[in-house]
Each structure stands twice: as C-alpha cells, then as structure tokens.
Amino acid sequence: MKINTIKKLCCPFDKSDLTLTRISEDTEERILEGWLHCPQCKRIYPIVKGIPIMNPDAYREFEMEKPLFEKWQKQLEGKEVTNFRLME
C-alpha cells in the first residue's frame, strides 16, 4: 500500500485520522506490513501484505489477527491489543 493512499484513509467508525506504524516496506516505499491506529477510538487495523484490514469488529476474528500482534510485541512498546483496540 502506498503512503499516499494511506493518507486518504480514516477510521471507518469515527472518521478520525489514522496513525501509521511501519513494520516492513518494499524498495518503492510501499507498506507491506504494519498497522493503522485510531487515537480517538483506539482501534488498530493491521496491514498484511500491503492490505489494511479495516472491517467492522463483528467481521474480524481476533484469533486470526492475534499472531500478528504477538509478532509485533516489540513495536507495540508494552501496549496490548484487546477487542481490536490498542490499550496502554
């Protein structure tokens, strides 16, 4: 996903701007892995293989996303993901 595209996205729940955390990108600076975070509602949206997962909570499966959050433990800096929200 290109940075310019990410800048156009907002939280589907409260329309707030999202912050980006990059995990990996390719040589053309496309984001391959990372997450988007809404500071308003605290929801976290993973980016997997360049695609952001921004489905409503009811259509997401935490158990499928949990391995990503465990893998990103260092980048989460001690925060935890609970009910698709990034908590202190």
Side-chain angles (χ1 to χ4, degrees):
M1 170 166 275
K2 294 183 179 182
I3 295 291
N4 290 339
T5 304
I6 289 174
K7 290 180 182 178
K8 296 176 184 178
L9 295 176
C10 67
C11 179
F13 293 91
D14 56 31
K15 310 301 183 228
S16 295
D17 290 333
L18 299 169
T19 59
L20 169 67
T21 300
R22 302 174 194 210
I23 302 294
S24 67
E25 53 190 79
D26 65 12
T27 56
E28 296 177 18
E29 295 187 358
R30 289 182 293 218
I31 306 301
L32 300 176
E33 188 176 350
W35 70 80
L36 298 166
H37 175 247
C38 176
Q40 187 72 26
C41 69
K42 306 211 181 302
R43 281 187 175 83
I44 185 170
Y45 305 102
I47 299 171
V48 180
K49 295 184 180 179
I51 300 170
I53 299 171
M54 298 181 71
N55 297 336
D57 295 351
Y59 296 104
R60 294 171 71 182
E61 291 186 41
F62 186 75
E63 290 303 315
M64 293 193 69
E65 294 179 30
K66 186 176 177 181
L68 287 172
F69 302 133
E70 290 171 352
K71 177 181 169 185
W72 298 337
Q73 222 27 68
K74 181 179 177 184
Q75 289 85 359
L76 289 171
E77 300 173 340
K79 297 177 183 170
E80 292 185 23
V81 178
T82 306
N83 200 20
F84 304 111
R85 287 167 180 77
L86 189 59
M87 309 305 281
E88 296 288 331

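- Here NZ of K8 is found 10.0 Å from NZ of K2. Values are rounded to the nearest 0.5 Å.
- In terms of modelled atom types and a separation under 3.5 Å, the side chain of S16 and the main chain of C11 share no donor-acceptor contact.
- For residues 72-84, the set of pairs meeting the side-chain hydrogen bond (donor to acceptor under 3.5 Å, both in side chains) definition, not counting sequence neighbours, comprises E33-W72.
- E63 and P67 make their closest contact through O-CD, 3.4 Å (heavy atoms, listed as atom of the first residue, atom of the second, distance).
- Cluster partners of L9, using a side-chain heavy-atom cutoff of under 4.5 Å among ILVMFWY residues and allowing indirect links, are M1, I3, I6, F13, L18, L20, I31, L36, Y45, I47, M54.
- Linking ILVMFWY residues whenever their side-chain heavy atoms come closer than 4.5 Å, directly or via other members, leaves I51 and L68 in distinct clusters.
- Atom NE2 in H37 sits 6.5 Å away from atom CD1 in I44 (nearest 0.5 Å).
- Of the charged side-chain nitrogens involved, none lies within less than 4.0 Å of a carboxylate oxygen, so that D14 and R43 do not count as a salt-bridged pair.
- Contact record, D57 with F84: O-CE1, 3.9 Å, taken as the closest heavy-atom pair.
- Shown here is E61, whose CD atom has no more than 12 heavy atoms of other residues, nucleotides or ligands within 6.0 Å.
- Heavy atoms from other residues, nucleotides or ligands lying under 6.0 Å from CG of D17 number 12 at most.
- To the nearest 0.5 Å, the span separating CD on E25 from CD1 on I23 amounts to 11.0 Å.
- The nearest pair of heavy atoms linking F69 to P46 is CZ-CG, 4.1 Å.
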